[in-house]
Amino acid sequence: MAAAKPTLTDSLSFCLAQLTAAAGEGLGGGKDTATNETPLGRALLALRTRHVKAAGGIERFRARGGLRPLLALLRRAAAAGPAPSQAGPGSAPSSVESATSAGPAPSPGPASSAAAAAAPSPPARLRKTLDLALSILANCCTEGACRAEVRRLGGILPLVTILQCVKTDSIQNRTARALGNLAMEPESCGDIHSAGAVPLLVESLTACQDSQCLQSVVRALRNLADSPQHRLALAQQGAVRPLAELLAAAPDPALTLALVRALLELSRGCSRACAEQLSLGGGLGPLVSLASHPKKAVREATILILANLCAQGLVRPALGNAGGVEVLLGELRRRRGPTGAGPASQQPLVRAVCLLCREAINRARLRDAGGLELLMGLLRDPRACAWHPRVVAALVGFLYDTGALGRLQALGLVPLLAGQLCGDAGDEEEEGREAASWDFPEERTPERAEAGSFRSLRSWLISEGYAAGPGDISPDWSPERCPPPPPPPEPAEPTSPTLGPTSLRTPRTPRTPGRSPAATSEEPWGREGPALLLLSRFSQAPDPSGALVTGPALCGLLAYVTGSPGPPSPRALRILARLTCNPACLEAFVRSYGAALLRAWLVLGVAPDDWPTLRARPARRQHRELGEMLLQNLTVQAESPFGVGALTHLLLSGSPEDRVACALTLPFICRKPSLWRRLLLDQGGLRLLLSALTRPAPHPLFLFFAADSLSCLQGLVSPTAIPALPSPVPLDLDSLSPCLYEPLLGPAPILAPDLHFLLDSGLRLPAQRAASATASPFFRALLAGSFAEAQMDLVPLRGLSPSAAQPILHHLHGCRGCGAVLGPIPPPGQPLLGSEAEEALEAAGRFLLPGLEEELEESVSRIHLGPHGGPESVGEVFRLGRPRLVAHCARWTLGPGQCPRKRALALVGLVEAAGEEAGPLTEALLAVVMGVEWGARVPAQ
């Protein structure tokens, strides 16, 4: 087949020449347009179908200067087109200057649509020229360089003029497409807004019937919503309602996709005007229906629109009525599933679900649809820690929903809230004033900036009855200064006579009608405010022990009180006081070791994280006074008739774990001698506690608590008479007694020895037979009896090292306190088992030298349990197994003035050293607690 014959339009130069000629004639205005219509039409057609669509064609067209004549031609065509009817709301003069001065037009109604339809159509040749020229321009504007040049050449105003003057669907379609492409550049987008194109595009939405034209207009509006300012301008000029009305009319799939994409852009940072127009346009129901659309793009865009709309309180009730709560919950549940998307895609849905909790009607729907379980799952997920403050603030909406609170408590909310008090969760994102609850739409938040959803918490306090009304809350409210809500009736808190500062108690201020509580007192309100509010609500239950008097809950509250960088919220202190004053919580405090934890953390300054590793923690007088006050509250409950019965039942009839916990707690909360003597001494509570020391610990701090409990009990039993440690062996060399064995030593001894002892090492030690025989029954029989050694001058001593033999030889010759016993004793920090000190002690017992045994034991005790010894030495001394040393270890551990941490570490060492043989340790500790010497008769228990 022969190749097609080349034509003039195959040349880009020819086409540009025709275009330039037509533009020049138009600018000059001297020729008839009909003379050059056919060549111009062919050139425009060739440019659109061949030159511009070819690879690199748009760049060549721009480089050859084609955009300037093309825009000039459009100006000529716009000027030649018919002016719209002056009765129409979108009318404007046909000149470019009039187009720029045209203000925003209201959303066109049926009358304007009819007027636009009745406007005269442009001539066919002009329409064809506009079609081709606009198509070429729209195609060129798909590239950034062309968009920039069109803007530089002032091509936006002619397009706006055409959009205003030529109401043909095809022209409107191509003009909207060109404007949509130009709007992809931020600078051009601003110029299009300034040129007044938005009201004209909105008018086209109601006037056009062609789906392709509507899609182009919708796309142009979507691209014009490139910034918050532009989205707000679009909403204020009525661009949202026509889109919602088109969506409600069930358009074709392509237009549906274009509409939801446009509404998604317009609803980002949803403004009040956007939400109002979308609701008035009937778009909520169709959006909820499209959330189950088979096409993924439509479905996901619709769900994000619904999530964006939740930022406006005025539309949330209607959204819930349309089924939006169930849709958003279902989608969030799907995305959190095993096959769901990552956390980034869940963020807008989490925000939307939390905002839905601000209206009572939506809270009911959310509770019935399983939303509470979903929110609890978010709180448990460490990957969602950035959303935890938002979720906790949302749960404040259920503050007085008894059913929901019961469900949340069963799901484990309380320990999670306690963990939130000192967690590292991220700060909550700020919400606009329009996000406040719509249950009270007449309330308005002050204009100044306030952080996060704390603004809406004020609304919740009003809506749920925590405050009487808007006038009951100070206008000076802020996240840093929040007036306390009216406190519910609380049990009377017993006062401690030693408590002076009022910072630990919140003063009760009489409420005066019309006067804010903030005028007299203010409470700090920070990130932990919502969690504390919920915990306070839980603590007001008749029996909050199951939720709040547990290890995790108490640890969270105490960690917040002691670790807060500033003064802790008085609400946290009231929660602790309320719990300790509630008789229903007494048994829970005993079972959970809560009383021991209060004393350790607040009074002694030892938190669970501080044990056994030491961490620097400044001791604060306020914490100690708070701990003493709380323990005094528990003492009042324990010594009441109800408390006596409860403690007796626990100690006598409780489970083994409860009995041990009761025996350990009693010294902290019982001050009546008749009560603690009966329970601990007469009914065996003390022996029960001592026997539990060597069993598996029921609590991480059990041994610390036990050491503190035994010390407190010792103070109760013997408040003044404390067994003292034995008199120390003098360690000062200047104060040592004279050595009586020294004259036998040296190459020229003063006293001549008549006997030598031979050691296994071959060393010979001089001695005198008479002195050695009188010092010990063993040596009297050996040296003066019928044994062969009585006739020997060189007597072997088996199993003795030279260092261990020295104290024996000195003792045999009458030395007492000469310092020889210190030789075999290693310094503190070195093991005693297997040392020469143990060998010397064993030899002293073997050779029947009780005085030497006592002197060696006292020296070991003074060196390893003295000022230079530490708690780690107690276990080493105990391992020697000497009864006298075991008593010294028990006295050192429970001695007066001992550091609580060292006391506990020493008890840990004793328990490890005792192993399964707990009898000696139990008896030694019992003797120290009872204030009697070990071996003496302890009162029966």
Name every donor-acceptor pair, under 3.5 Å, that has one atom in a side chain of residues 151-159 and the other anywhere in the protein, sequence neighbours excluded.
from, atom 1, to, atom 2, distance (Å)
R151, NE, D191, OD2, 2.8

### Message
Testing the 3.5 Å rule here: is there a donor-acceptor pair between the side chains of Q215 and S211?
### Response
yes
### Query
Knowing that exactly one of V166, T175, T168 qualifies, which makes a side chain to side chain contact (heavy atoms under 4.5 Å, CB included) with L130?
V166
### Query
Heavy atoms, side chains only, cut-off 4.5 Å: are L290 and L247 in contact?
yes
### Query
Quick check: does any side chain N or O of R60 sit under 3.5 Å from a backbone N or O of A55, one acting as donor and the other as acceptor?
yes
### Message
Give me the atom names and distance for the closest heavy-atom approach of R351 to A311.
### Response
NH2-CB, 3.4 Å
### Pairs involving residues 314-371, ordered by first then second residue, that meet ring pair (Phe, Tyr, Trp, His ring centres under 6.0 Å) (sequence neighbours left out)
none
### Expected output: side-chain Q312 to main-chain C270 donor-acceptor under 3.5 Å
yes
### Query
Rounded to the nearest 0.5 Å, how far apart are CZ of R241 and SG of C274?
13.5 Å
### Donor-acceptor side-chain pairing of R177 and N139 below 3.5 angstrom
yes
### Summary
So CG of L304 and CG of L287: to nearest 0.5 Å the spacing works out to 11.5 Å
#### Entry: H230: partners by ring-ring contact (aromatic ring centres under 6.0 Å, His included), with sequence neighbours left out
H193
### Message
Is it true that, when you exclude R333 itself, more than 12 heavy atoms of the residues, nucleotides or ligands shown sit nearer than 6.0 Å to its CZ?
### Response
yes
### Query
Within the side chain of T142, is there an N or O that forms a donor-acceptor pair under 3.5 Å with the backbone of A138?
no
### Message
Going by side chain to side chain contact (heavy atoms under 4.5 Å, CB included), name the residues that satisfy it together with L16, two or more places apart in sequence or in a different chain.
### Response
L12, F61, R64
### Query
Tell me, which pairs form a ring pair (Phe, Tyr, Trp, His ring centres under 6.0 Å) where one or both residues lie in residues 160-184, sequence neighbours left out?
none
### Task
Dump the intermediate steps for salt bridge (Lys or Arg N to Asp or Glu O under 4.0 Å) on E300 and R335, then the final yes or no.
CA-CA 11 Å; E300 292 187 349; R335 295 190 183 186; 5.1 Å; no
### Query
Can you list every ring pair (Phe, Tyr, Trp, His ring centres under 6.0 Å) pair that touches residues 129-157, not counting sequence neighbours?
none
### Query
Has R261 got more than 12 heavy atoms of other residues, nucleotides or ligands less than 6.0 Å from its CZ?
no
#### Entry: salt_bridge(E203, K167) N-O dist < 4.0 Å
yes
